[in-house]
Each structure stands twice: as C-alpha cells, then as structure tokens.
**Q** 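My structure is below; once you've seen it, I'll send some questions.
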Amino acid sequence: MPAQAIEMSSVAYPTDAQGIWCDVRPDARRGGPALFLDRDGVVVVETRYLCRAEDVVLISEAGAVIGAANRRGIAVVLVTNQAGIGRGYYGWNAFAAVQQAISSRLQACGARLDAVYACPHHPAGEGSFLHPDHPARKPNPGMILRAATDLGLELQKSWLVGDKTTDIEAAKRAALAGAMLVMTGYGESQRAESAALATARFSVRFAKSIAAAMTLPLLASLPSPPSRASRKWI
Ligand SMILES: [Mg+2]
C-alpha cells in the first residue's frame, strides 16, 4: 500500500493513514535481506529529541557501513521512534529537516537510505499521537513489517543495529535473523536485557559501534564483486 501524502502547512509529508512516516525511495533496493538501523545513537549522535538539522552529527563509520550495504545490494532501512513528535516537542517539519541533513551527510560518504520509517505514537502522546502500545512503536515490529511489505524483504535473513533493548526486541518480534546492540547512544545500559532476548533462532551481538555491522553475516558473507579475471565472457 503506497504511503498517503497528507497536506500539512503547505508541505506534503509521506505519512500514512496511521500517521506513520513511510518514505521509500523510488529507486530503493527491493527484495532480499535488509539492514535495519535505529537512528539516534546508531547512525547519528544521540542528543535526546534531535530536532535541529544543525545538531546532526553522523557517528563515525555509519556512512561507510551504509555505503557498503548499498554497493552490495542490501536494502538499508531506518526505523525510528519519534516520541518527540508525539509529545508535541517538534513536528514533522523539523523531522524532515533532520532527515535531509542526515541524507546530505550520507551522500557525502557515497551512501543512502533506501527507506525511512518513523513512529510518532507514544503512551504520553498528545491528541491523535496518544496510544498505549502502537503496533508501529518499537519494541513492536510494525515499522519493520511495513518495510518488508513495501520492499519485498526477506526478514529471516535481515539484521538490525540498535542501541536500546526496544530495538533488539522489535527485531526479534519481526523474526529477523538477529540484532546488534551498539555501545554508542544508550547501549551500555541495555546489555543485560538485550542479551536475554537471544535464542537459538535469534542472535544478539554486541559491538562498540555501527562499524562492526561489517562483520554481520548479512554483509560479511557476501562474495566480493567478481574480478575481471573471473568473469565469464560469452
Ligand atoms: Mg536509539
């Protein structure tokens, strides 16, 4: 189901009928596994309620990892809870400006996000954003499942990188192969609870930062592009 653009203050945002931001690039990578990423504390430095473009600071190696996934044909999908919108601290206009700043910085690294999903609903939200347990708000898997539908993804081979147990739990509820908890952002305080989510079918890894995502089976097991000598000419 395509995102329904809702007109707000003369600017159309890619929010759907449930109020979820669903921004899929027209030329997004489709099919196969995906690399799901939480935003704050994983791709950008955690600043609590990031809402100003000038406060965007990419975490070291985020661009390199995302660029590597791009080049290997792995869809990169951002899934972010946006309680700040739900609580009325800022609006979609501020979110859009932050996302544009992130995209610009990634582009400078030769990297891009294939899709971005954001959930504004929160148990302490205002008005239509008040929801006790919205299916799209992590730890629920709604945004991941929506991305799988939109992009035709193989979730059982996909991984997520996050800095909170709620990220890891969303990945588990979406039946991903596993998730990596990084120590940037809130990661250090989330170790024990995240570790407890590991099962035989769901791996939980721990790493200093997103740089370690290069070691995930998703990226590490793929063969390098064929060298000139190994190409078959017909
Ligand atoms: Mg985070």
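FYI, side chains are in, hydrogens and waters are out, and symmetry mates aren't considered; it's all heavy atoms of this structure. Remember, it's 1-based here, ligands and their atoms both numbered in the order they're listed.
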**Q** Does one side chain, of R173 or N140, offer a donor that lies under 3.5 Å from an acceptor on the other?
**A**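 Yes.
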**Q** Of D38, T166, T80, which is the lone residue that meets side-chain hydrogen bond (donor to acceptor under 3.5 Å, both in side chains) with K138?
**A**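 With K138 as partner, side-chain hydrogen bond (donor to acceptor under 3.5 Å, both in side chains) holds for just one option, D38.
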**Q** Spell out the protein N/O/S atoms under 2.8 Å from the Mg ion (ligand 1) as residue plus atom name.
**A**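 Near the Mg ion (ligand 1), the protein supplies D38 OD2, D40 O, D163 OD1.
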**Q** Sequence neighbours left out, cut at 3.5 Å: what donor-acceptor pairs do the side chains of residues 51-68 make with other protein atoms?
**A**
unit_1: R52; atom_1: NE; unit_2: D55; atom_2: OD2; d: 2.9
unit_1: R52; atom_1: NH2; unit_2: D55; atom_2: OD1; d: 3.2
unit_1: R52; atom_1: NH2; unit_2: D55; atom_2: OD2; d: 3.4

**Q** Please list, chain by chain and in numerical order, all residues satisfying ring-ring contact (aromatic ring centres under 6.0 Å, His included) with H131, sequence neighbours excluded.
**A**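 For H131 the ring-ring contact (aromatic ring centres under 6.0 Å, His included) partners, ignoring immediate neighbours, are H134.
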**Q** Would you say the side chains of S194 and T165 form a donor-acceptor pair under 3.5 Å?
**A**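 Short answer, yes.
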**Q** Any ring pair (Phe, Tyr, Trp, His ring centres under 6.0 Å) involving residues 24-51? Give me the pairs, sequence neighbours left out, ordered by first then second residue.
**A**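 As it turns out, the ring pair (Phe, Tyr, Trp, His ring centres under 6.0 Å) pairs with a partner in residues 24-51, which skip direct neighbours, are Y49-Y89.
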